[in-house]
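Chain letters run A, B, ... following the sequence lines, proteins first, then strands; residues in each count from 1.
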Number of protein chains: 2
Amino acid sequence: MEQITIKEVAKLCGVGVSTVSRAINNHPDINPETKQKILDTIREYNYVPNNSARNLKRTDSNTIAVVIKEISNSYWGVMLHVLEREVRDRKYCLVLQNVADDEDEVELALQLEKEKKVKGIIFLGGMYNYDESRLRMLIVPYVISGSGKTVPEDTGTYPKSALVTTDTEIESQSMVDYLCSCGHKRIAFITSGDEGLGRCHLNGYKRSLEKNGLEYDEKLIIRLKPGKRIYTIENGYNCTCELLKSGVDFSCIYAISDTLAVGACRAVIDSGKRVPEDYCVAGADGQDIAEYYHPSITTLKYPRVEIALQSVRTLFDLINRKKVVKRQILGGTLIERESTRKL
Amino acid sequence: MEQITIKEVAKLCGVGVSTVSRAINNHPDINPETKQKILDTIREYNYVPNNSARNLKRTDSNTIAVVIKEISNSYWGVMLHVLEREVRDRKYCLVLQNVADDEDEVELALQLEKEKKVKGIIFLGGMYNYDESRLRMLIVPYVISGSGKTVPEDTGTYPKSALVTTDTEIESQSMVDYLCSCGHKRIAFITSGDEGLGRCHLNGYKRSLEKNGLEYDEKLIIRLKPGKRIYTIENGYNCTCELLKSGVDFSCIYAISDTLAVGACRAVIDSGKRVPEDYCVAGADGQDIAEYYHPSITTLKYPRVEIALQSVRTLFDLINRKKVVKRQILGGTLIERESTRKL
DNA sequence: TTGTAAGCGTTATCAT
DNA sequence: ATGATAACGCTTACAA
């Protein structure tokens, strides 16, 4: 079974290749009968146009790329779903590009641009320590979504990029503020040890302590080793177990993701203590599980669907050379649930 | 900032295009100095080869495609992670193709084959009601992984496809057997309303009831509407709430995914009842949350990592024309946890 | 309405 | 070791 080409279809139908091309691409100037015959033949012989050849020739490809830092993270679930739907509604294709922990998202994006002639790119996750000079080499418009702190300024006539995200530092600060307001003086903090997201969260944590006149104690900070799959329940569980065993004094645990918080809750429960009576637990990011866990978990609900929606809209605005808001910072919502209480 | 081509690089360096090509592709027959100079120029001008042109010319592309039914499902998380790593270790690239609920995975695979010249395909999810004649049109080897019931027989000299999965029907049957052995006579069943996976689970459920001499009652069956995002906690929660309100008599709920089971647990808890004292709950698929939920949830642990690993291995065996086991059915493990008890 | 032919940016086969 | 040049499969002027 060999790959059949447009030439052979043309021969089969006794027409020229351009006629076949016209049939495929719904050009108007073609005899309906000829077109039908060609389409039938295509179906019969299972001809599929070679997209490499198409892309080589075409200037546009109607493809949007989503570049995701660690796609296996359950956090992206809904967002992916929304992006997929929105892009399809606009009759575009979506290609997903995973970025492993040790890969550079900008380099991958640069590749994609050439390779797939994508019309636009959405970055999901990462984008904290990117090389701006490399990023500027991107010709197509892009949106940094649900992560990152900033985008490069525009230099050309049209805006080329935008940021749609939450402000991690401020959000985390507000959570710690809340926990302080509950009367906690010693808040254990489970964060990522990297210099990107983890650093932002930590800054928020520190700022809040300072504001609330509390002392910062390095012993309360648990830094998850950067490496693959940080945001797992298991990780939250294990480090909380160690924390509990260590004998360090604290009354509350704040984890920067809900999955980590779930692990923390279970670790507390398994140690024979109760949440929130013995230890309070708070998470962040607002995944479903925080709402349905028992006890339900106090969290910062990030507007993930909104971010996804707005990212797509903004990207298409960029593509269509409309004016856009360069930096959209969407606020999260602190949701008090059963896992925390006033002391 | 225009896209620079190989021709311009050649001109810039005062060499022919083939020399540049040799430099890029690490061909041996090139003067190291020339090569260095070319590489420097490439770096300076940020030249990225056009992959469409490359793929057009090349016969191989070193790309593996993973075609996933509903990528937003958290179930795929680890598997995606493993696949990504394994494929990278073998110096191949991975492209992810989402299949929406209303799309046909085989058609998309056919497209991918042409478009990206992929060397092999792994199907994740779906593949229950595929059109075998279309599937046979795939030229590259493929593995149906973690889903599906069967693969087409081989016709050529070399095997072209394989199946690596669990037997849903048998697994579900064993879970219901277990629940019966606990003394449950009326087991509510939350399943997917589709004719694929949902049907397999239901068959297992029915078979078990029959075997255990219990009556099948349609009122106990909750069929989730096919449509997007079936396996959400929220879905499990909502339908359990309705079930509880309906007044139908039952002592146990079995849901075909752990996320659904989590929702069921919370619904029971919110109704003022306890798990497992008032209602037992069992899930299936073995996601982390089942282990860490409170109460932890009895489930069927599918060997997801094993399936992913074995799928990659098998795919590369197919690619390298080695003999493979056509149908690898890996068994799940029933894990008794806190959410069920003997009556 | 249709066919012919010139690219698109590569790689590979020849010569040199 | 290097440079022309012919594909690769398609789209699109341009001609007919």
Quick one: do A:Asp154 and A:Lys326 make a salt bridge, cutoff under 4.0 Å?
yes
Hey, is A:Lys37 close enough to A:Glu33 for a salt bridge, meaning N to O under 4.0 Å?
no
So does A:Glu153 pair up with A:Arg136, basic N to acidic O under 4.0 Å?
no
Contact span of DNA chain C against chain A, any nucleotide atom under 4.0 Å from a heavy atom, 5' to 3', runs C:dT1 to C:dG9
Separation of D:dT12 atom C1' from A:Ile6 atom CD1, nearest Å, is 11 Å
OP1 or OP2 of D:dC10 sitting under 4.0 Å from any side-chain N/O of A:Ser21?
no
Charged N-O contact under 4.0 Å between B:Glu103 and A:Arg88:
yes
Heavy atoms of other groups near A:Lys149 NZ, more than 12 under 6.0 Å:
no
Do B:Val164 and B:Ile144 come close enough that some side-chain heavy atom pair is under 4.5 Å?
no
Using the ring centroid of each side chain, check whether A:Phe316 and A:Tyr92 are separated by less than 6.0 Å.
yes
Can you pull every protein N or O that's under 3.5 Å from an N or O on nucleotides 1-4 of chain D?
residue : atom : partner : partner atom : Å
D:dT2   : OP1  : B:Thr34 : OG1          : 2.7
D:dT2   : OP2  : B:Asn31 : N            : 2.8
D:dT2   : OP2  : B:Thr34 : OG1          : 3.4
D:dG3   : OP2  : B:Gly16 : N            : 2.7
D:dG3   : OP2  : B:Thr19 : OG1          : 2.4
D:dG3   : N7   : B:Ser18 : OG           : 3.0
D:dG3   : N7   : B:Arg22 : NH2          : 2.7
D:dG3   : O6   : B:Arg22 : NH1          : 3.4
D:dA4   : N6   : B:Ser18 : OG           : 2.8

For the pair made of NZ in B:Lys57 and P in D:dC8, what is the distance, rounded to whole Å?
6 Å
Exercise: do B:Arg22 and B:Asn31 side chains pair donor with acceptor under 3.5 Å:
no
